[in-house]
Number of protein chains: 2
Amino acid sequence: MALSHLRQEFILHFGEMGSRWGINRTVGQIYALLYLSERPLCADDIVAALGVSRSNVSMGLKELQGWNLVLLRHIPGDRRDHFTTLDDLWQMLRTLVAERRKREIDPTLTKLRDLELLADTAPEDAVARARITEMRELIELLTGWHDDMARLETERLVALLKMGARLQKFISGPADVLSLGRVRQKGDTDGRA
Amino acid sequence: MALSHLRQEFILHFGEMGSRWGINRTVGQIYALLYLSERPLCADDIVAALGVSRSNVSMGLKELQGWNLVLLRHIPGDRRDHFTTLDDLWQMLRTLVAERRKREIDPTLTKLRDLELLADTAPEDAVARARITEMRELIELLTGWHDDMARLETERLVALLKMGARLQKFISGPADVLSLGRVRQKGDTDGRA
DNA sequence: CTGTCTTTTCAGAAATAACTGAAATCACGG
DNA sequence: CCGTGATTTCAGTTATTTCTGAAAAGACAG
């Protein structure tokens, strides 16, 4: 199967970036191929397009399904499994963030909490322990924020993101409308955009 | 150098997570060690604490400096280089996000833009091209938002994050104060302010 | 059940990344 | 300069990950 220049380039790029994104080349390429494809593809289509082994495609698809980034589709009258990416890019982003959080952040949060509960902390570890607490609190703030954002409808989320820094006006304006735990300190200026 | 149980566990965890975070075990461990340390450490301190080779430590430190996550410090009267992590965790987070963006996102944004400019796109690629545009627009929205956030003082940023989803009240109340509403769809042009 | 088509598993090969020790380079006091 | 100690480089080794082909397992029509 001959890929157009456009598709070829896109797919190769995803393959190369794969290692930086924590997935392997084939997985990146499979995702890219499916993303650009107008119809669901079966494993053999992917083999033909990418020139990798059938078993490699099988494993790659399994991994992508594990990430919930690729869906299994059945085509009537065809026994083979077919695959597509999520059609909604925002949904894809949500999934990606949720999965990365699950793999890259949550285990550390758990570990930090465990370490804080450790009974046998020596006095020499007081500072270390405080730093662990500090890190846990930072991560909790971020994951809590993410939980909030994940709950929003896409439309609202987009609006918030587009607002960007302008939102800060609502938390530090003359009326300080919500009076929520803001900590003003020395050197704090009204850094309006 | 004997590490306390607390430090040992923390360091080993960072080593194990390293691969998920796109850094190798030693780099993760060096960062963890420095993060918990109350004073700057020299390379030999790190060798003693982690039990890896001197050259490995040298390469790890170089990488961490490349990420701007570790600083070189000079101790008066000591010829050896000493190292610390950034003392401000928020600064660390900013650096981390900025560096990951530079490595994991910006190259793709550039590539997507290039592909959109490609002159020889065949009609059969119309849909593929539209999907590329869609992805570019999503990434631009996110990086634009990040640019905004990165500009804020930490205090304001924290306040915004703590607000979380409650902020949406400002953009979708009865009056729809800012009239930013519609969801993005295929074929949509960017339209960021 | 049997035969055919499809997918998965898995042991070993190939490719990549991480790590080491030795040698080279660098920095600086004398 | 020279000598000493610190750091970096790098070729070779080890460890890890990715990929493949062959075999096993699964699914379904007849």
Side-chain angles (χ1 to χ4, degrees), chain A residues 1 11-12 14-34 40-67 70-84 103-104, chain B residues 1 11-34 39-67 70-84 103-104:
Chain A
M1 183 191 285
I11 290 167
L12 291 179
F14 269 59
E16 285 163 22
M17 294 301 286
S19 53
R20 302 196 194 183
W21 296 335
I23 58 178
N24 67 42
R25 186 168 25 128
T26 306
V27 171
Q29 290 185 350
I30 293 173
Y31 183 83
L33 177 68
L34 292 175
L41 301 181
C42 70
D44 285 322
D45 294 335
I46 298 169
V47 168
L50 303 183
V52 297
S53 74
R54 181 66 183 74
S55 54
N56 199 1
V57 168
S58 179
M59 291 187 295
L61 286 168
K62 209 173 127 199
E63 180 168 351
L64 283 167
Q65 285 176 284
W67 280 77
V70 151
L71 299 175
L72 181 62
R73 283 284 186 75
H74 280 291
I75 305 279
D78 192 332
R79 279 168 60 178
R80 297 168 300 177
D81 292 342
H82 287 66
F83 300 88
T84 44
R103 289 153 213 252
E104 302 180 12
Chain B
M1 182 190 286
I11 289 167
L12 290 179
H13 177 81
F14 269 58
E16 285 162 21
M17 293 301 285
S19 54
R20 302 196 196 185
W21 295 337
I23 59 178
N24 66 43
R25 188 170 22 134
T26 306
V27 171
Q29 291 186 349
I30 293 173
Y31 183 83
L33 176 67
L34 292 176
R39 73 197 86 265
L41 301 181
C42 71
D44 286 321
D45 294 336
I46 299 170
V47 167
L50 304 183
V52 296
S53 74
R54 180 65 184 73
S55 54
N56 199 2
V57 168
S58 178
M59 291 187 295
L61 286 168
K62 210 174 126 201
E63 180 168 349
L64 284 167
Q65 286 176 283
W67 279 77
V70 151
L71 298 176
L72 181 61
R73 284 284 187 76
H74 279 291
I75 306 279
D78 192 332
R79 281 170 57 180
R80 296 170 300 177
D81 291 342
H82 287 66
F83 300 89
T84 44
R103 287 154 215 254
E104 301 179 13

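Given the structure is predicted, the values throughout are model-derived calculations rather than measurements. The sequence lines fix the lettering, A, B, ..., with proteins before strands; numbering per chain opens at 1.
- Spacing between atom CD of A:Q65 and atom P of C:dT7 amounts to 11 Å, rounded to whole angstrom units.
- Contact of B:R79 with D:dA6 (side chain to base): no donor-acceptor pair of N or O atoms is detected under 3.5 Å.
- Annotation: the span from B:M59 atom CE to B:N24 atom CG amounts to 8.5 Å, rounded to 0.5 Å.
- The CG atom of B:L50 sits 16 Å away from the P atom of C:dA18 (whole-angstrom rounding).
- Atom pair A:F83:CZ and C:dT6:C1' shows a separation of 11 Å (rounding to whole Å applied).
- For A:N56, counting side-chain heavy atoms from C-beta on, the closest listed nucleotide (C:dC19, D:dT20, C:dT7) is D:dT20.
- Each of A:L64, A:N56, A:V52, A:V70 was scored for a side-chain contact (heavy atoms from CB on, under 4.5 Å) with A:I30, with one residue passing: A:L64.
- Heavy atoms from other residues, nucleotides or ligands lying under 6.0 Å from CZ of B:R73 number 12 at most.
- Among the heavy atoms of the strands lying under 4.0 Å from A:D81 are primed sugar atoms or P, OP1, OP2 only; no base atom is included.
- With hydrogens and angles ignored, the 3.5 Å screen pairs no side-chain donor or acceptor of B:H74 with any backbone N or O of B:L72.
- Taking 4.0 angstrom as the limit, B:N24 places a side-chain polar atom (N or O) nearer than this to OP1 or OP2 of C:dC19.
- One interatomic measurement links the two molecules: CD of A:Q29 to P of D:dC19, which rounds to 8 Å at whole-angstrom precision.
- Regarding A:M59, its CE atom lies at a distance of 20 Å from the P atom of C:dT6, rounded to whole Å.
- At whole-Å resolution of the value, CD in A:E16 and C1' in C:dA15 are 16 Å apart.
- Here the side chain of B:S58 is nearest to one of D:dC19, C:dT7, D:dT9, namely D:dT9.
- OP1 or OP2 of D:dC19 sits under 4.0 Å from a side-chain N or O of A:R25.
- Between the CG atom of B:D78 and the P atom of C:dA27 there is a distance of 17 Å, given to the nearest Å.
- Taking 4.0 angstrom as the limit, A:K62 places a side-chain polar atom (N or O) nearer than this to OP1 or OP2 of C:dT9.
- For a distance-only test at 3.5 Å, the side chain of B:S53 fails to qualify as a donor-acceptor partner of the base of C:dG21.
- We find that CZ of A:R20 is positioned 15 Å from P of C:dT16, with the value rounded to whole Å.
- Distance check, rounded to the nearest 0.5 Å: CD1 of B:I11 to CG of B:L34 gives 9.0 Å.
- Regarding contacts with the backbone of D:dT8, every side-chain N or O of B:R54 stays at 4.0 angstrom or more from both OP1 and OP2.
- Distances were taken from every side-chain heavy atom of B:S55 (C-beta onward) to each of C:dT20, D:dT7, C:dT8; the shortest belongs to C:dT20.
- As judged by a 4.0 angstrom heavy-atom cut-off over every strand, A:S19 is placed among residues making no nucleic acid contact.
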